[in-house]
Number of protein chains: 2
Amino acid sequence: MVVFAAQGDPRRTMAMLWRAAAAAEVRPGPRPTLSVDVIVEAAVAVADAEGMAGLSMRAVGERLGRTAMALYTYVADKSELLDLMYDHVHGELGVGPAADWRAGVRAWAEELWAFYLRHPWVLQVSMARPVLGPNELDSAERLLRALEPAGLSAPVLRGVVSQLNHLVQGAARMVTDSRRAARETGQSDDDWWYARSAELVEVAPDFGARYPLLTWLETNKDSTPNETVPYMEHEARASFEVGLELLLAGVEATRLTEG
Amino acid sequence: MVVFAAQGDPRRTMAMLWRAAAAAEVRPGPRPTLSVDVIVEAAVAVADAEGMAGLSMRAVGERLGRTAMALYTYVADKSELLDLMYDHVHGELGVGPAADWRAGVRAWAEELWAFYLRHPWVLQVSMARPVLGPNELDSAERLLRALEPAGLSAPVLRGVVSQLNHLVQGAARMVTDSRRAARETGQSDDDWWYARSAELVEVAPDFGARYPLLTWLETNKDSTPNETVPYMEHEARASFEVGLELLLAGVEATRLTEG
DNA sequence: GCTCATCTCCTTATGGCGTAAAGTGACCGG
DNA sequence: CCGGTCACTTTACGCCATAAGGAGATGAGC
C-alpha cells in the first residue's frame with residue numbers, strides 16, 4: 001500500500017495547501033456543517049489509528065457522522081485529502097538551531113524519527129511525487145540551514161539530504177512495518193521470528209556452514225537479553241544510530257577532501 | 001501498496017522455499033497441468049509488467065489460461081506465492097569477488113540497483129518480515145563476504161549493511177515510484193514537475209525569500225540540460241552514487257577509529 | 001411569502017480484490 | 001466398472017473509490 005499524493009488538479013490542490021485562511025463567502029444553499037480542516041484532522045486520526053490501509057472515505061465520513069460521499073463536497077478526491085493530511089502533520093516539525101552542524105543534523109533526524117513513529121502512514125506516501133506544501137518545505141529548509149555551516153557543494157549536499165531521508169525512513173519503516181504486521185496477524189515480532197528461525201534450522205541443517213558470516217553476525221549481539229523492545233525494533237533503532245554516525249563521518253571526510 | 005510476505009504457515013512455506021526438487025508421487029485424480037514453478041514465473045511476469053497493484057490471483061490465473069481459484073491447488077494463499085516470487089527473483093543476484101572491499105560493496109550495490117529497476121514490485125515487499133529463502137540469504141552472505149576485509153565490529157557491520165540496503169532501496173524506490181506514477185496517471189515526470197512548480201511560484205510568490213537555501217540548491221545544478229533521463233530518475237541516480245561514496249567514506253573513517 | 005438557483009448530503013450502483021464453499025468431471029487402483 | 005481422490009470451475013461475500021441522480025435546506029430577487 002504505497003500511495004501517491006499530488007495527483008489531483010495542481011491549481012486547486014496547491015491553492016488549498018497554501019491558502020491563507022480564505023474569506024468565507026455567503027452563498028445560497030444549506031450551511032456547511034463540516035470544513036476541510038475538520039475533515040483533514042479526522043482523516044489523520046483515522047490513519048494514525050488504523051493505518052493507511054484503514055484510511056477509507058467511508059471511515060473518515062463515519063468518524064464525522066457522515067457518509068463517505070459527503071466528503072466530496074470539501075475535497076476533490078482521496079488523493080487531494082492525502083496531500084492536505086501530509087502537509088498538515090508536517091506542521092508538527094520544527095527543531096530550532098543547534099550548537100554545530102552535527103548536532104543540528106542529529107536533532108533534525110531524531111525529530112523526524114519520532115514523527116514517523118507517531119504517523120506511520122506518512123511513510124507510505126511516495127516521495128517521488130512530493131506534495132510541495134509549506135510545512136514540508138519548511139522542514140527541508142531547516143535541514144539545509146542546519147547543514148549550511150558544513151560548507152558542502154551543491155551535489156554533495158543533495159546527496160547528504162537524500163541519504164538522511166533514506167536513513168530515517170528506512171529505519172523507521174522497519175519499526176512501523178513490524179508493528180503493523182504484528183497487529184494485522186496477531187503475531188508478535190518475536191513470536192514470528194522464533195517460528196521462522198526454528199523452521200529455518202530444520203529445513204537448512206547446514207546453515208552454519210553455508211552462511212558462516214551471517215551466523216557470526218547473529219551470534220555477536222551485545223544487546224541485553226531481557227529487552228522489553230521487540231527484536232526488530234531494537235535492530236532498527238540501532239541501525240538508525242549507527243547509520244547516522246556513519247553518514248556524519250562520511251560528510252566530515254568528504255568535507256575535508258572537498259574544502 | 002506495501003505487502004507482507006512470510007505470513008503463511010512457516011513450516012509449509014519454508015519447506016517450499018528450501019525444497020530440493022520434491023519427488024513426484026503418483027496419485028489418483030486428474031494430472032496437474034500446472035506447477036508451482038510455472039505459477040511463480042507467471043506471477044513474476046505479471047508483477048514485472050503490471051506492478052504489485054496489478055498482481056492479482058485472477059491476473060496470474062488468466063495468464064495461465066486458468067481461473068484464480070485454480071492456483072489455490074498449488075499455493076496456500078497470495079502471501080505464500082509472494083514469498084516464492086520474492087526468493088525466486090533473488091536467484092538472479094550473484095556478483096563475484098572483487099579487488100578490494102570498496103569495489104566489492106560497489107559491485108553489490110550496483111547489482112541490487114539494477115535488480116530493483118528490473119523488478120520494482122520487490123521494493124514493495126516489507127523487509128520487516130524477511131522471507132528467509134536461500135537466494136535472499138545467499139545475497140546477504142555475499143555482501144558480508146565483500147565487507148569482511150574491512151574488519152568491522154559486529155555492531156558497525158550491522159549498521160553498514162542496513163545503510164546499504166536503505167540507500168539502494170531508497171534511491172531505487174524514487175525511480176520506480178516515479179515511473180509508476182507516470183504510467184498510472186499518464187503524466188510524465190517532467191510534465192508533473194513542471195505543472196506543480198509553475199503553480200508553486202504563483203501561489204507562493206515569496207518563495208525565494210522564504211526558502212533561500214532550497215532555491216540555491218535548485219539553481220546550482222550541473223546536469224546537462226538536454227537529458228533524455230527524466231528529472232526525478234536523474235536525481236535518484238545521483239543520490240545513489242553520492243550516497244554510496246559517502247557511506248564508503250564513513251566506513252573508512254569509522255574503520256580507522258575502531259582499529 | 002413566493003420562486004428559483006444553488007448548495008449539502010444522501011442513496012444507489014459499478015467493477016475489482018482475496019478467498020470460502022460447493023459442484024463437475026477426470027484419473028487412479030482395485 | 002466402481003469408488004476415492006484430486007484439479008479446476010462457478011458462485012458469493014464484504015470492502016474499496018467514486019459516478020449519477022435525488023432530497024431538502026437556504027439565500028436572493030421580487
Side-chain angles (χ1 to χ4, degrees), chain A residues 1-5 7-9 12 22 24-39 42-43 46-47 50-85 121 124 184-185, chain B residues 1-5 7-9 12 22 24-39 42-43 46-47 50-85 121 124 184-185:
Chain A
M1 166 83 45
V2 167
V3 150
F4 291 113
Q7 294 304 300
D9 174 18
R12 193 200 137 110
E25 323 164 29
V26 178
R27 287 190 288 130
R31 301 272 176 68
T33 61
L34 299 176
S35 69
V36 172
D37 287 338
V38 165
I39 289 173
V46 168
E50 312 295 334
M52 187 64 99
L55 178 70
S56 67
M57 300 301 273
R58 279 169 174 81
V60 177
E62 199 163 343
R63 174 172 276 260
L64 295 167
R66 294 296 130 82
T67 64
M69 292 307 291
L71 309 180
Y72 287 90
T73 305
Y74 302 90
V75 296
D77 54 19
K78 194 179 174 181
S79 167
E80 183 174 285
L81 176 56
L82 204 65
D83 284 27
L84 299 173
M85 293 168 63
W121 52 272
Q124 307 199 50
E184 284 178 14
T185 64
Chain B
M1 165 84 42
V2 168
V3 149
F4 290 113
Q7 294 304 299
D9 174 17
R12 193 199 136 113
E25 323 163 29
V26 177
R27 287 190 287 128
R31 300 272 176 70
T33 61
L34 298 177
S35 69
V36 172
D37 287 337
V38 165
I39 290 173
V46 169
E50 311 295 335
M52 186 63 99
L55 177 70
S56 68
M57 299 301 273
R58 281 171 174 80
V60 177
E62 198 163 345
R63 173 171 278 258
L64 296 166
R66 293 298 129 81
T67 65
M69 293 308 291
L71 309 180
Y72 287 90
T73 306
Y74 302 90
V75 296
D77 53 19
K78 192 179 175 180
S79 167
E80 183 174 284
L81 175 55
L82 205 64
D83 284 27
L84 299 174
M85 292 167 65
W121 54 271
Q124 308 200 49
E184 284 180 14
T185 63

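Within every chain, numbering begins at 1; the chains are lettered A, B, ... in the order of the sequence lines, protein sequences first and strands thereafter.
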With sequence neighbours excluded, what pairs up with B:A47 under the side chain to side chain contact (heavy atoms under 4.5 Å, CB included) test?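 Result, side chain to side chain contact (heavy atoms under 4.5 Å, CB included) vs B:A47: B:L55, B:M85, B:W121.
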
Please identify each residue that fulfils side chain to side chain contact (heavy atoms under 4.5 Å, CB included) with A:R12, with sequence neighbours left out.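 Listed in chain order: A:D9, A:M16, A:A76, A:E80.
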
A:K78 side chain reached by A:V60 side chain, heavy atoms, under 4.5 Å: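 When only atoms from C-beta onward are counted, A:K78 and A:V60 do not touch, as no gap falls below 4.5 Å.
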
Rounded to whole angstroms, how far apart are [atom1] on [X] and [atom2] on [N]?
| X | N | atom1 | atom2 | value |
| --- | --- | --- | --- | --- |
| B:Y72 | C:dC17 | OH | P | 11 Å |
| B:L71 | C:dG18 | CG | C1' | 12 Å |
| B:E80 | C:dG18 | CD | P | 15 Å |
| B:K78 | C:dA20 | NZ | C1' | 17 Å |
| B:E50 | C:dC17 | CD | P | 11 Å |

Using a heavy-atom cut-off of 4.0 Å across all strands, would you classify A:L55 as base, sugar-phosphate, or nothing?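 Result for A:L55 = sugar-phosphate.
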
Which part of the nucleic acid does A:A70 contact within heavy-atom distance under 4.0 Å: base, sugar-phosphate only, or nothing?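 Contact class for A:A70: sugar-phosphate only.
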
Which residue, A:T73 or A:M69, contacts DNA chain C at a nucleotide closer to its 5' end, judged by nearest heavy atom?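 Counting from the 5' end, the first nearest nucleotide belongs to A:T73.
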
For A:T67 and for A:P30, find the nucleotide of DNA chain C with the closest heavy atom, then tell me which residue's nucleotide is more 5'.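 Going by which nucleotide is closer to the 5' end, it is A:P30.
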
Considering all heavy atoms, the nearest A:A59-A:G54 contact: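 Nearest heavy atoms, A:A59 then A:G54: CB-O, 3.8 Å.
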
Using every non-hydrogen atom in the two residues, find where A:L71 and A:G61 come nearest and quote the distance to one decimal.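 Smallest heavy-atom distance, with atoms named: CD1-N, 3.8 Å.
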
What's the verdict on side chain to side chain contact (heavy atoms under 4.5 Å, CB included) for A:L82 and A:M52, showing C-alpha distance, side-chain angles and the deciding distance? CA-CA 10 Å; A:L82 204 65; A:M52 187 64 99; 4.0 Å; yes

side-chain hydrogen bond (donor to acceptor under 3.5 Å, both in side chains): which pairs involve residues 66-76 of chain A, sequence neighbours left out?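 Passing the test, one end in residues 66-76 of chain A: A:T33-A:R66.
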
Show me the pairs that pass side-chain hydrogen bond (donor to acceptor under 3.5 Å, both in side chains) and involve residues 53-62 of chain B, at least two apart or across chains.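 For residues 53-62 of chain B: none.
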
Quick one: is A:R66 getting a side-chain N or O under 4.0 Å of the C:dC9 phosphate, OP1 or OP2?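 Answer is yes, contact under 4.0 Å.
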
Heavy-atom contact window of chain B on DNA chain D, given 5' to 3' at under 4.0 Å: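 Boundary nucleotides touching chain B, in 5' to 3' order, are D:dG4 to D:dA12.
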
Is there a residue in residues 56-64 of chain B whose heavy atoms reach under 4.0 Å of DNA chain D, and which residues are they?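 Correct list: B:R58.
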
